[in-house]
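Values below: every heavy atom of this structure, side chains too, minus hydrogens, waters and symmetry copies. Treat the numbers as computed from the prediction; the structure is a model and nothing was measured.
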Amino acid sequence: MQRIPVKLARPGMVLAKPLLRDNGMVLLAEGTELSDSAVARLAGMGVDSIVVQGHPVDLEGLAGGTSHAARAARMDHLFRRHGDDPWMMQLKKVFKGYFTMKAAAQAEAERAEREAREAAARAEREARDAALRETPGAAPASAPGTGGR
């Protein structure tokens with residue numbers, strides 16, 4: 001099982017643990033297969049993370065060069081003198097998991113934002129090209145600095 005940010009949840013993933021409200025009420029039961037609408041509702045409700053079956057997301061691979069990734073990588077150095085203290089090693093594990101999850105969510109948000117910008121630019125180019133095709137006698141736009149020649 002793996003705890004992942006809701007931003008990385010995809011339809012078809014199966015919950016390994018029930019999702020509970022603060023008052024203990026079950027929102028989604030263990031074994032529930034996520035749908036598009038369930039993922040959207042979870043994000044809308046402000047749920048940060050869920051526990052899914054298996055290890056469907058490579059959180060380490062998504063970390064990239066974000067500040068959260070740097071913090072997760074630094075945990076070994078920060079806790080280097082506490083290897084024999086089980087409590088400190090548990091604390092290190094919690095911090096490292098937290099920062100790794102935050103880094104993965106941040107990388108996913110950056111990827112989604114980049115894709116949205118690319119899609120908007122592509123749509124703008126297509127609309128401009130379509131407008132040029134529909135305008136009779138319109139010449140294609142000349143390159144900057146060529147003076148239309």
Determine whether F99 and M88 fall in the same hydrophobic cluster, where Ile, Leu, Val, Met, Phe, Trp and Tyr are linked whenever their side-chain heavy atoms lie under 4.5 Å apart.
yes

Quick one: are K17 and V52 in side-chain contact, heavy atoms under 4.5 Å?
no

Tell me whether the rings of F79 and H82 are parallel (<30°), tilted (30 to 60°) or perpendicular (>60°).
perpendicular

Does any part of the side chain of M1, heavy atoms only, come nearer than 4.5 Å to the side chain of V51, both counted from C-beta?
yes

Does P5 reach the side chain of E108, with side-chain heavy atoms less than 4.5 Å apart?
no

Can you tell me how far the CZ atom of R3 sits from the CG atom of D48, to the nearest 0.5 Å?
10.0 Å

Got a sec: does the CE of M45 have more than 12 other heavy atoms crowding it under 6.0 Å?
yes

Measure the shortest side-chain to side-chain distance between I50 and L28 over non-hydrogen atoms and say whether it is less than 4.5 angstrom.
no

Does one hydrophobic cluster hold both M25 and L20, with members joined at side-chain heavy-atom distances below 4.5 Å?
no

Compare every heavy atom of K7 with every heavy atom of A109, then report the nearest pair and how far apart it is.
CB-NZ, 4.0 Å

Would R122 and E118 pass as an ion pair if we require N to O under 4.0 Å?
no

Does CZ in R81 sit with more than 12 non-hydrogen atoms of other residues, nucleotides or ligands closer than 6.0 Å?
no

Could you check if a side-chain atom of L34 sits within less than 4.5 angstrom of a side-chain atom of P11, using non-hydrogen atoms only?
no

Other residues, nucleotides, ligands: >12 heavy atoms within 6.0 Å of E115 CD
yes

Does atom CZ (R80) have a neighbourhood of more than 12 heavy atoms from anything else shown, all under 6.0 Å?
yes

Got Q106 and K102 here, is their nearest side-chain heavy-atom distance under 4.5 Å?
no

Between R128 (side chain only) and R125 (backbone N and O only), is there a donor and an acceptor less than 3.5 Å apart?
no

Surrounding CG of D22 (heavy atoms of other residues, nucleotides or ligands, distance under 6.0 Å), is the total greater than 12?
no

Between L8 and V6, is there shared hydrophobic-cluster membership here, with clusters defined by ILVMFWY side-chain heavy atoms closer than 4.5 Å?
yes

Approximate separation, where rounding is to 0.5 Å, of Y98 OH and M75 CE:
11.0 Å

Looking at side-chain heavy atoms only, is the closest gap between D76 and K92 below 4.5 Å?
yes

If you group Ile, Leu, Val, Met, Phe, Trp and Tyr by side-chain heavy-atom gaps below 4.5 Å, do I4 and L27 land in one group?
yes

Spatial distance of atom CG (L91) from atom CG (L78) [nearest 0.5 Å]:
11.0 Å

Is there a side-chain contact between V26 and L19 in this structure, where contact means two heavy atoms from C-beta onward sitting under 4.5 Å apart?
no

